[in-house]
Amino acid sequence: MFFAFFESSRSALAAIYANRLRSFLTTLGIIIGVASVIAVVSVTGGMSAFIGDSFASLGANSLTIQSYTPFEDLMKGIRSRLTPADLELIEKRGVGIASITPVLEANRSSQIKYGPQTAYSLIMGTTYAYQEVSQSYTQVGRFLAQSDNLTRRRVAVIGEDVRENLNLPENPINEYVELSGEWFKIVGLLESLGDVMGQSRDNVVLVPYSTMVSILGNQAQTDIGIQLSLTPTANLDVVISQLTTLLRNAHDLSSNEDDDFRIQTAEQLMEQFDQILGTLTMVIGGIVSISLLVGGIGIMNIMLVSVTERTREIGICKAIGAKSHHILMQFLIEALLLSLLGGLIGLATGYGLGILIANNIPDFPPPSIPLWSIALALGFSGFVGVLFGILPAAKAAKLDPIDALRYE
Amino acid sequence: MALINLTSITKYYEMGSQVVRALDGIDITVKKNDYLAFIGSSGSGKSTMLNILGCLDKPTSGQYLLNDKNVEALNQNELSQIRNLEIGFIFQSFNLLPRANALSNVMQPLIYRNIGLRQRKQMAMEALSRVGLTDRIDHLPNQLSGGQRQRVAIARALVTHPSILLADEPTGNLDSRTTVEIMQLFDELHKEGHTLIVVTHENEIAQHCQRIVEMKDGKIFNDSRTEKDSMRVAV
C-alpha cells in the first residue's frame with residue numbers, strides 16, 4: 001500500500017510537472033480561495049488579539065450604567081434618564097461596590113481653548129473615584145479631589161492628546177483653559193492609555209462633577225452615567241442583578257416593561273466585539289469557501305480532461321499489469337497534490353496579503369495566523385482535491401483495457 | 001505440458017440486434033517454446049484471439065487454461081495480475097508511455113509487482129541490453145526511431161520474464177529493414193526458450209514461425225507446421 005502510494009505520488013508529480021502551466025492555472029482557483037481565507041483570518045486575527053489587549057486595560061472589574069431609550073420612545077419624545085438620585089441609591093444600597101462615580105458628559109459644547117488654540121475633546125464631570133474605577137491615574141499633578149466637588153472648583157485633569165492639541169507645555173499644571181466660557185485651572189495630566197478600536201482614550205478632560213452640573217444648568221434634564229468598580233470578592237452577576245432590581249424599583253418599572261438602563265462590563269464589550277469579528281470572519285470565510293468550491297470544480301474538470309487525454313496510457317498500464325487501484329491512486333493523488341500545492345501557494349500569498357494590508361493601513365495591528373487556520377486551509381484544499389478527484393480517478397480506474405488501448 | 005489450452009472458446013459481441021461471433025468454438029494447445037503465428041484477413045477473429053490469450057478480454061464461453069490455471073472466470077484485477085506475471089505484450093503501435101523515457105517505460109510493469117527502484121533499474125537495464133538499446137535509455141519515445149521504439153517495447157515485455165510473448169502485428173509500423181531486424185530478434189528470443197505468439201496478416205512474418213494457425217470467420221481454418229519446424233526437428 002505504501003509502495004503504491006509512493007510510486008503514484010512520483011508519477012503524479014511527473015504529470016503535474018509535465019503540464020506546468022495547465023497545473024498552475026488549474027490550481028489558481030484553490031490558490032485564490034485559500035489566499036483570501038488566510039488574508040481575512042490573519043487580519044481579523046490580528047485585530048482580535050489587539051482588541052483583547054485593549055480591553056484588558058479597560059479594567060475587567062468595572063461596570064458602566066447608562067440610561068437606555070428604545071428608538072420607539074425616542075420618536076415619542078420620551079427619554080430615559082439616570083439621575084443623581086439613582087446614584088445616591090446605588091451608593092447607599094448597592095453591595096460589592098468598591099468605588100462609584102457619576103460621569104456627566106458635556107452635551108452642549110466640547111470646545112476647549114488655550115490661548116489661540118482650540119481643540120475638541122470629551123469633557124466629563126466626575127469625582128475622585130473615577131481614577132480607581134477606570135484605572136486612569138495622573139502622571140503629573142493630582143487627580144480631582146473630593147473637596148473640588150464639594151466646592152465646585154473650576155479645575156480640570158486632562159489627557160495627553162488634549163495637551164498636545166492645545167500646545168500646552170510638557171508640564172501643563174497651573175495653566176488655564178477655557179471651557180464653555182469658564183476658565184479652568186489644570187491640576188493634573190493623565191497617563192497615556194492608548195487607543196481602543198482606533199479611538200483615542202487620551203482625548204479627555206475631567207472636571208468635578210458638581211462643577212459640570214452647574215455649567216450644564218438645567219438639572220431636570222440631567223442624564224448621568226455611573227461607573228463603578230467591584231470589590232475583589234464580589235460576584236459580577238450577583239451585583240448586576242442586584243443593581244437591576246434596585247434601579248427597576250426606583251424607576252417604577254412593572255414586570256412587563258423593559259429596563260430603561262443598560263449595565264455593561266468591559267468583558268461584555270469585549271465579547272461583543274469578538275462576536276462581531278467572529279461573525280464577520282464566518283461570513284467572509286463562507287463567501288470565500290465558495291471560491292474553493294469553484295476551484296475544486298476546476299480541478300475536477302481538468303482531471304476529467306486529463307483522464308480522457310491519457311486514456312491510451314491507462315490502457316497501456318492496465319495491459320502491462322496495473323490494477324484498478326493503481327490507476328485510481330495515481331489520479332487521486334494527482335488531484336490531491338494539485339490542490340495541496342494550490343493550498344500551500346495560497347497560504348503564502350494570503351499571509352503576504354495580510355502583511356500588505358496591515359502595513360498599508362496606519363495603526364493597524366500586525367496580522368496573526370492561528371495554527372488552526374493553516375490546518376483548515378490545507379485540510380480543506382486537500383479535501384477538495386480528494387472530493388473532486390474521486391470522480392475522474394474512478395472513471396480512469398474503470399476503463400476497460402481493450403477500449404482504452406484502442407482509444408485514439 | 002501445455003502452456004495454453006483453449007477448449008470450445010467462443011466470443012460473441014452484440015451489435016444492436018445482431019450477434020457477431022468473433023470466436024466460434026476455438027480449440028488449441030500451445031506448448032512451451034512454441035513459435036506460433038495467427039494469420040487471417042481482418043475480421044477473421046485473430047485480434048479477439050490475441051485479446052483472449054493475453055487475458056485482456058474474457059471469453060463468452062469455453063475454458064482457458066494458462067499454466068494449468070483457469071483464467072476465464074477471473075475478475076479484472078486478477079486478470080491484471082496474470083498479465084503482469086505471465087504475459088508480455090508487443091503492440092503494432094508500440095504503446096509506450098509518451099512522457100516516460102525508455103528506461104522508465106521498461107521499469108513500468110515492475111512497479112505493479114512492488115519492486116523497489118534500484119532493482120527495477122537493474123532488471124530494466126538487463127532487458128534493454130538484451131534488445132541492444134543501452135545507449136538510449138534516457139530518450140523519450142518520440143526521440144526514438146520506430147525500430148528503437150519497438151525494441152523498448154520488447155524490452156518492456158521481457159523484463160517481467162513472462163511465460164508468453166504476445167505480439168500483435170509487431171512490424172506493421174516498421175520499414176522492411178527494421179522488420180527484418182525485429183524478426184531476427186524474435187527468432188533469437190525463440191532460440192533462448194521464449195514462447196512467442198505473433199498475430200499478423202503478412203505471410204513473410206508468419207514464415208519465421210514454426211507453426212501457422214490460419215483463422216477465418218472466428219474458426220481455425222488451418223493449423224500447420226512450417227519448414228523451419230521440420231528443419232529443427234531434423235536437426
- State, with a plain yes or no, whether a side-chain heavy atom of His326(A) is found less than 4.5 Å away from one of Ile111(B). no
- Message: Are there over 12 heavy-atom neighbours, none belonging to Glu192(B), within less than 6.0 Å of that residue's CD?
- Response: yes
- Query: What's the verdict on side chain to side chain contact (heavy atoms under 4.5 Å, CB included) for Asp400(A) and Gln76(B), showing C-alpha distance, side-chain angles and the deciding distance?
  - Reply: CA-CA 9 Å; Asp400(A) 183 75; Gln76(B) 283 295 346; 3.8 Å; yes
Please list, one pair per line, the donor and acceptor atoms closer than 3.5 Å that link side chains of residues 141-149 of chain B to other protein atoms, with sequence neighbours excluded.
{"unit_1": "Gln143(B)", "atom_1": "OE1", "unit_2": "Leu140(B)", "atom_2": "N", "d": "2.7"}
{"unit_1": "Ser145(B)", "atom_1": "OG", "unit_2": "Gln148(B)", "atom_2": "N", "d": "3.3"}
{"unit_1": "Ser145(B)", "atom_1": "OG", "unit_2": "Gln148(B)", "atom_2": "OE1", "d": "3.2"}
{"unit_1": "Gln148(B)", "atom_1": "OE1", "unit_2": "Ser145(B)", "atom_2": "N", "d": "2.9"}
{"unit_1": "Arg149(B)", "atom_1": "NE", "unit_2": "Pro141(B)", "atom_2": "O", "d": "3.1"}
{"unit_1": "Arg149(B)", "atom_1": "NE", "unit_2": "Leu144(B)", "atom_2": "O", "d": "3.2"}
{"unit_1": "Arg149(B)", "atom_1": "NH2", "unit_2": "Leu144(B)", "atom_2": "O", "d": "3.4"}

- So does Tyr12(B) have more than 12 non-hydrogen atoms from other groups sitting under 6.0 Å from OH? yes
- Item | chain B-proximal positions within residues 302-319 of chain A [heavy-atom distance under 4.5 Å] | Arg310(A), Arg312(A), Glu313(A), Ile316(A), Cys317(A), Lys318(A), Ala319(A)
- Query: Mind checking which of residues 80-108 of chain B sit less than 4.5 Å from chain A, heavy atom to heavy atom?
  - Reply: Ser80(B), Gln81(B), Arg83(B), Asn84(B), Phe89(B), Phe91(B), Ser93(B), Asn95(B), Leu96(B), Leu97(B), Pro98(B), Arg99(B), Gln108(B)
- In terms of heavy-atom contacts, Tyr112(B) and Ala322(A) come closest through CZ-CB, 3.3 Å
- Query: Where on Asn77(B) is there a heavy atom nearer than 4.5 Å to chain A: the side chain, the backbone, both, or neither?
  - Reply: both
- Message: Using heavy-atom distances under 4.5 Å, tell me whether Leu110(B) contacts chain A through its side chain, its backbone, both, or neither.
- Response: neither
- Message: I need the contact set between residues 52-62 of chain B and chain A: heavy-atom distance under 4.5 Å, sorted by residue number.
- Response: Leu56(B), Asp57(B)
- Item | Per-residue contact mode, Arg156(B) against chain A (heavy atom under 4.5 angstrom) | side chain
